[in-house]
Undergrad: 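Quick one: this structure, given as structure tokens, is what I'll be asking you about.
The shown structure was predicted, so the numbers you read here are calculated from the model rather than taken from an experiment. In the text below, chain A, chain B and the rest are named by the order of the sequence lines, each starting its count at 1.
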Amino acid sequence: MADDLSDIRRSPLAGLDLGSRAGGAGGVLLSEGAARESFILRGQADDAAFARAVEAALGIGLPQEPAAAVGSDALLIRLGPDEWRLIVPLADGGQFAARLASELARAGGPGALVNVSSATTVIAVAGERATDLLATGTGIDFDPTAFPPGQSVRTRVGNTQALIHRQAVDAFELHVPRSHARSFWEWLEDRGREFHAAIAL
Amino acid sequence: MRRQPFRAAEGGHLVDRSEPLRFDFDGHRYEGYQGDSLASGLLAAGVRIVARSFKYHRPRGVWGFGSEEPNAMVTTGIREDARANLKATEILLSDGLEAFGQNAWPSVAWDMGGAVGLAGRLMPAGFYYKTFMAPTRGWSALYEPLIRRMAGFGPAPAAPDDAFYAKRRIHADVLVAGGGPAGVAAALAAARAGARVVLADENVRFGGALLRMPGEIEEGDGLAWIDTAIAELETMSHVCLLRRATVTGYYDHNLLTVAERPDDDVEPSTPAVRLWFVRARDVVLAAGAHERPLLFDGNDRPGVMSASAAAGYAHAYGVLAGRQVVVAGNNDSIYAVARLLRGAGVAIAAVADSRSGGGVPDLPCRMGWVVERAVGSRRVRGVLLRRADGKPEDKGERIACDFVAMAGGWSPTLHLHAQARGSLDYDEERGLILPGRAGGVNRSAGAAAGRFDLDGCLAEGWAAGLAAATSSGHERPVGPPPRSPNRSAGDAPVSWQVGPGKRFVDLQYDVTAADIELAAREGYQSVEHVKRYTALGMGTDQGKTSSMAGLVLLSEALGRPVARTGTTTFRPPYTPVPIAAMAAGLVGEGRDALRRTAADDWHEAQGAVFTAAGLWRRPRYYPRDGMEEVETIEAEVRETRGGVGIVDVGTLGKVDIQGRDARVFLDLIYANRISTLGIGRGRYGLMLREDGRVFDDGVIMRLGEHHFYLTTTTAHQHAVMQHIEFLLQTVWPELEVYASDVTEHWFAAALAGPGSRALLGRAAPELDLSDAAFPMMAVRAATVAGLSALVFRMSYSGELSYEIAVPADHGLALWTRLLSEGREDDLTPYGTEAMGVMRIEKGHVTHAEADGRTTPDDLGLGRMVSADKRGVGKRSLDLPALRQKGRRQLVGLSVIDTQARIPPGCQVAESSDMKPAPPLGHITSFCYSPTFGRAIALALVENGRARTGQTVHITSPMTGLSMAAEVVPPVFYDAQGTRLHG
Amino acid sequence: MLLIPCPFCGARDETEFVYGGDAGVERPRNPETTTDEAWTDYLCFRDNPQGMHRELWFHRDGCQRWITIERDTRTHELGAVRLSRS
Amino acid sequence: MQRYSIFSLLKGALSGHQDWEPAWRAPEPKSSYDIVIVGGGGHGLATAYYLARNHGISNIAVLERGWIGGGNTGRNTTIVRSNYLLPENQRFYEHSLKLWEGLSRDLNYNVMFSPRGVINVFHTDAQRDYWVRRHNGMRYAGIDAELLTRADLTRLVPALNLSPDLRHPIVGGVMQPRGGVARHDAVAWGYARAADALGVDIIQDCEVTGIDMQGGRVTGLQTSRGPIGAGRIGLAVAGHSSQLAQMAGIRLPIETHLLTATVSEPVKPFIDTVVSIAATHAYISQTDKGEVLIGGSLDGYNSWSQRGSPARLEDILSAASEYFPRISRLRQLRHWAGVMDMSMDGSPIIAKLPVDGLAMTGGWCYGGFKATPASGWCLAWTLANDAPHELNAPFSLERFRTGAMLNENGAGPVAAAH
Ligand SMILES: Cc1cc2nc3c(=O)[nH]c(=O)nc-3n(C[C@H](O)[C@H](O)[C@H](O)COP(=O)(O)OP(=O)(O)OC[C@H]3O[C@@H](n4cnc5c(N)ncnc54)[C@H](O)[C@@H]3O)c2cc1C
Ligand SMILES: NC(=O)c1ccc[n+]([C@@H]2O[C@H](COP(=O)([O-])OP(=O)(O)OC[C@H]3O[C@@H](n4cnc5c(N)ncnc54)[C@H](O)[C@@H]3O)[C@@H](O)[C@H]2O)c1
Ligand SMILES: Cc1cc2nc3c(=O)[nH]c(=O)nc-3n(C[C@H](O)[C@H](O)[C@H](O)COP(=O)(O)O)c2cc1C
Ligand SMILES: [Zn+2]
């Protein structure tokens, strides 16, 4: 019998003991975001059966725009011509994905669905200096007309690859590879000195 | 403490006289004001000698005003804190600043090195190429050490720079380089039009040339207009104003670097330098012009300086470079300079204008007169004036003065334009090199484009700003351009007047006119040869004030037009950039993230000694009380082989493969056949590079009809993924296959040893582990230690073994639960060393063997290449060299002396004498085998397989060690594989 | 540092990409019947033009697609850009 | 040739240095030559010099499209060594090193060859095994090689960061004591002067735009200064090898890539050896004028731009300052790039080409400066004898056809990977 997963889940940032570092107020606030379930969804954008299966399972159409995000607490982000990322709350317990898998199977199994829930760690960067801090390590243009809230991009930030989801003009979530998370966090803190970065729990 | 004898009673828009500061130069204390530069502070104090020249150790004074300064380089701070080669003109005075002269002993004022100057005649340009050749090793043994001692300017650094440095990467519609009248006008026009603007100027205050000399804009003071414009820009959120920010480089696709030196002393979080990387759609180059020197004997004496700098010290700092000046030059600016100096309290001894006729009544003008020589050695005491058209026998006239303001005309700053690969046009009539066709998207304006009147600069800047905004899609109305009554600047005629004597062209490297003539005479005639032969323009100022003069002199020496001589290549940075700024954010884990597996915290808590595996760290071994490293590793091996061990294999690359054509594709990328795998089964696979060499290996498991999971070596995770995508997207795009890198999602641990089945049986009670239900190379989904997992039965150690994979978030739980479950089995965690020993005993290859030169056959894996299918790299195996006899083949070596230990990096030779001769082969992996009680190795040996049974020598010539060993098959341990079945 | 206009992601810094060389190199369809010369042409021999070069780049830190771009090897002026598989 | 010595300098001083002769003439091109060398870099000039000196052929021209020494000869990090892995490379580079050792006297021009030791440091067991094995192998080839402990490194390179806390701490090193650096420009100038003295015409501002052939044999060249006849042609144009070969209808296994180097402002000496760092691929030395000279890895794509990118500089300088923390206090003075003839296996090609009378030296990748004497020596031999010397026989074009790649670092046929 599998245990309740929430007890055994361990963040790669746990070893940093962020609690002991928390506090202060600065131009930018760093925190670990809530863990999510996430899935790579692959398929042909122009394959009607595939698109219908996705819509049937998730209730949202396949986003066609690069880097668009759809849904309220679930995100479906287009990351490549035939690649999407489905990000859903942990509390969902894999239901979205299960539905998607069965719809895809019913449609004759187009595309691919791969669970990568453990592959990334979510780090939230917020505050009026959030873009400045991120801009120390990425060449992405953060002008809200170029990168409006609600959108996501996959890019390189500092020492890691990251999927950046812009929640608001000055609030971002970064999904970074789990094995890099600790180094990346430390890099953020170091670069954040310029902005008096504070840590929130 | 000394007073400020050369501070004028009033004036100085950059200084705050209510805030005096103290500073030290070469051990003497002086006073200056908030806002002073070190140069203005020293001048105010009457310090004239601030440096010594490179070669002849001649005394040198302040020459310029800003970043163009060739002479006044100093070191600030002492020992660990020292910063060398800073320009006194760019250092902001701060209270307690300590600065020192360089390249002199005991001090720049009294320098023993000056004696070298006496031998100056022996040291023309390039003298070192002509001597110091005998005896054969004479150069490096005798002369070079002496030369090296004389090298360099400032002291060698004694400690790292621990200041904070920052970076920022931004996008702009318009970057404006230079904040003089042209640049500010450009920025204002572009910003009003709606463009995202970055305006950067290297000075503390915007205004450019107006900082040095007043000018009128819109019927008022020019600087006041600048301030108003800046105030307007400051209110706009789409504008970024950068002061003390030098645009240092112009790179591909309109990327520019800007080194900002935020005001010192603000707060600890303020970086010493913030390096901006600006990706601009359009660029306005409004970086102004540099004043040229005049060439006369002694033009390097302390007190001889740029006229606009002399004016600038008076205007910006209220500092006089002396009491009595000779202003000399070839253009109208000398009158304005003389008047400004006179107004500040300087006596005007003469104004020598090389042009004949004209002149102004209010100044002691000498029309048609030039300076022939500066008199004085430690400082100027006067000049010898001579008629420009005079005959050599004219004696000229000596005029006393204590400084000389020389105005040789202006050279537009072409640096950024040229870095962007713009063309350069020589305007013969004006004697100017002007920016021609732009490279990259940019436009030059103002003095940088050869426009020297204020009105013209404003108009051109405004138009450029507007055009740049338009080209980046912004067209809001902007109003009319600012105007100035200063509408003409009276160009300087080209007059590189030259008399006899030591006429310095490059002050920093002591390059004289004679050196340039010598180079030309000796055949070093390309301008680039002259640069390299004489070092002209190679100093820390990169020839800002000297290149043009050198160019003209060379052209004259060769009797060829300047346009044909050309310039040397302009290269970044415009002014030197701290290496620490370039490195910011990229040190240590900031550069290479340290990858940690899900069980890393446990390993660390356990005190594991780590080793690097690519960017990952992995436990090398787990130290035990009272045991040496080697003993510990042996124990880990013994306990695993005799009981059960656990190892973290979370670093292996993992790829999920799905799609209708997955089987077809896997057959193509592996040398052996994969398509025949049944669901729930796995196979060892070998990947080749297209050139036939072994690329990678791993295990492929079939999870479903069209679903596979494969592992890669730790080192090749990314390379394999990229390889797969390359093939799928460019070579076989018709295949429907989706590959996803799932390395980060999965954690895996391997249980190995005869006890593994029992332990796993308890941890996964629902799983039938019998050979029949769960054979070798099978994969099963199961609950292990309460966690959903995938379990593979496979072995790397040669023992019965299972790899258990769980999502990485559960990895630590899996690890700790297995360890507690295994307590009764004496479960031993083992590290990479023990793993390495077991794999060598078992003869598995790694990157040490598959080193990119070896074929499958070399490694004894030739039989894996399936004969009846295509695949990447297979065709290359038929090339003659890959089938040739005599290739090095993988063998095992068993060391005969059981006490011997193999040192790293050994060769394999026929004899033990280690005399020069081609060796037979080399060791690829080696260890002491606790299982066999002797050292063993894997090696690549010429015709190795045929040598089985022979004795060879494992040798290490550098340490003198060697040992005899028997050639054996590479699988030492359990060649029949019986142990895999427990 | 180049600014590479990925057809999917838009313009991104060169540092997000991996270079894949000449896009004109074609893998022989039937390696086993290809001569050594033609096969090694494919493996090793390149035009290496000074001027427009059609070449492959992998957008590692973005869409992870291989793209084909035209670039002048002297000036880095860019021509047509497309996804390699499209 | 006017001899250079301390005495000639003294004499020059007395005459105000008015009597120095041109180091080489500036002749008009003749209508034809026995042999024409294309490329006035170190390799081309050395080829001409050895043709004249070793083979008695002096009706030779060296054609240079710009100014001699202005290619990679004039822009490299000047490291000279023979610490190679593969026996073919060991033999060749060791021959070169021996020529370096007597070069200043041979040419009567001080090329300032300074054998101050070339050190490679490593960080992991795998790197250690590789480097130590490589140096042990050198001993078998009769080349000097030393193993360095961390204590040795502390002594030899006090500025080196040996802290165990580094991201990739240094565990040890190896050294070739006879390796070192030389004054790059002087190499071109010294060969030019010596070749000129033997009658070779050095013709600058002369770009070759075509190769004339008749019946599968070269007959001459088209140049920006008119056609020039040639009995044989030797190509020594480094990054431009593909272009010149193309003129004769030949494709090469070469791509031209960009390599950046940078110097700091000059300071007093504090780094007295050459150090190369495996973890980050940066190499560093300090010149006799005091600049710290740093090189790194390629930009990684075909390019003739000679510009380099700030990203690569961030890379090189962060790496260099991590291992030489003190240089973080220095400032970068200038950076530049060169166009590298990257061969598909990382080793050079010194060989006859498949057109009669045409031979080349090229494919030098990062490493051709040190090869200058031997490359010229071998190409001269090959041109004079119409056959390769045994030293350069392995560096054939054929090897790319047979699969006999000389792959020092094990990377595949990907130019940028070497
Ligand atoms: C940054 C950098 C660092 C390096 N570091 C080292 C190092 O530390 N050690 C080392 O050993 N090597 C190093 N190298 C490599 C080394 O510089 C070169 O391999 C070597 O200098 C090549 O010499 P060369 O004479 O063949 O070429 P070049 O000096 O480039 O000469 C070739 C000449 O051919 C001319 N040419 C080209 N086309 C034509 C034409 N059509 N007509 C006429 N002339 C033409 C060119 O103008 C040029 O002058 C480095 C290279 C670079 C760029
Ligand atoms: N009388 C004359 O003969 C004469 C000659 C030249 C200039 N001028 C006067 O000079 C002014 C020219 O105006 P302008 O705006 O073209 O030039 P400017 O010299 O006033 O301004 C250029 C500014 O750019 C800065 N700068 C230079 N390179 C830079 C870089 N790489 N990064 C950042 N900043 C950099 C300079 O320090 C300066 O502040 C006019 O007032 C003109 O009348 C007069
Ligand atoms: C070993 C070496 C040392 C150098 N030292 C300096 C130097 O002290 N000052 C300088 O301006 N440039 C120096 N350079 C760089 C040259 O100025 C020049 O940039 C380089 O040779 C490339 O030529 P280019 O810039 O003309 O294309 C040096 C170059 C080399 C190879
Ligand atoms: Zn993309």
Undergrad: Looking at Met721(B), His718(B), Arg279(B), which has the largest count of heavy-atom pairs under 4.5 Å with chain C?
TA: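 Among Met721(B), His718(B), Arg279(B), the one with the most close pairs to chain C is Arg279(B).
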Undergrad: Can you tell me which portion of Trp39(C) sits under 4.5 Å from chain B's heavy atoms? Options are side chain, backbone, both or neither.
TA: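 The side chain, not the backbone.
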Undergrad: Under a 4.5 Å heavy-atom cut-off, does chain B meet the side chain of Leu83(C), its backbone, both or neither?
TA: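 Neither part.
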Undergrad: Counting only non-hydrogen atoms closer than 4.5 Å, does Arg29(C) touch chain B with its backbone (N, CA, C, O), its side chain (CB onward), both, or neither?
TA: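 For Arg29(C), heavy atoms of backbone and side chain both lie under 4.5 Å from chain B.
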Undergrad: Under 3.5 Å, is there a donor on one side chain and an acceptor on the other for Thr855(B) and Asp857(B)?
TA: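 Note: Thr855(B) and Asp857(B) side chains miss the donor-acceptor criterion.
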Undergrad: Among Leu728(B), Asn254(B), Asp878(B), which residue forms the greatest number of heavy-atom pairs with chain C at distances under 4.5 Å?
TA: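 Between Leu728(B), Asn254(B), Asp878(B), the count favours Leu728(B).
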Undergrad: Please state whether the side chain, the backbone, both or neither of Thr33(C) comes within less than 4.5 Å of a heavy atom of chain B.
TA: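 Neither the backbone nor the side chain of Thr33(C) comes within 4.5 Å of chain B.
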Undergrad: Given the rule in the ring pair (Phe, Tyr, Trp, His ring centres under 6.0 Å) test, do His59(C) and Phe8(C) qualify, once you have shown the distances and angles that lead to the verdict?
TA: CA-CA 10 Å; His59(C) 196 181; Phe8(C) 183 81; 9.0 Å; no
Undergrad: Check each atom of Glu26(C) against the heavy atoms of chain B and say whether the ones under 4.5 Å are side chain, backbone, both or neither.
TA: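 Interface part for Glu26(C): neither.
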Undergrad: Hey, is CZ on Arg437(B) packed in by over 12 heavy atoms from elsewhere, all under 6.0 Å?
TA: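 It does: Arg437(B) CZ has more than 12 such atoms within range.
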Undergrad: Output yes when Arg673(B) and Asp868(B) qualify as a salt bridge under the 4.0 Å nitrogen-oxygen rule, no when they do not.
TA: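 A salt bridge links Arg673(B) with Asp868(B).
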Undergrad: Between the side chains of Arg875(B) and Asp36(C), is the shortest nitrogen-to-carboxylate-oxygen separation below 4.0 Å, so that they form an ion pair?
TA: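 A salt bridge links Asp36(C) with Arg875(B).
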Undergrad: Parallel under 30°, tilted from 30 to 60°, perpendicular over 60°: which one fits the rings of Tyr19(C) and His53(C)?
TA: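 Aromatic pair Tyr19(C)/His53(C) classed tilted.
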Undergrad: Are any of the side-chain heavy atoms of Asp13(C) and Leu3(C) separated by less than 4.5 Å?
TA: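 Yes. Closest side-chain heavy atoms under 4.5 Å.
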Undergrad: In terms of heavy-atom pairs under 4.5 Å with chain C, which of Gln729(B), Arg870(B), His253(B), Glu734(B) leads?
TA: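 Most heavy-atom pairs within the cutoff with chain C belong to Gln729(B).
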Undergrad: Output the option from Arg65(C), Arg60(C), Glu14(C) having the highest count of non-hydrogen pairs under 4.5 Å with chain B.
TA: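 When all of Arg65(C), Arg60(C), Glu14(C) are compared, Arg65(C) has the most.
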Undergrad: Tell me which of these, Thr68(C), Leu78(C), Thr40(C), has more heavy-atom pairs under 4.5 Å with chain B than the rest.
TA: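 Among the listed options, the one with the most contacts to chain B is Leu78(C).
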Undergrad: Run the side-chain hydrogen bond (donor to acceptor under 3.5 Å, both in side chains) check on Asp696(B) and Thr713(B) step by step: do they pass?
TA: CA-CA 7 Å; Asp696(B) 204 59; Thr713(B) 57; 2.4 Å; yes
Undergrad: With a 4.5 angstrom heavy-atom cut-off, could you sort out which part of Leu43(C) is near chain B: side chain, backbone, both or neither?
TA: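 Only the side chain of Leu43(C) comes within 4.5 Å of chain B.
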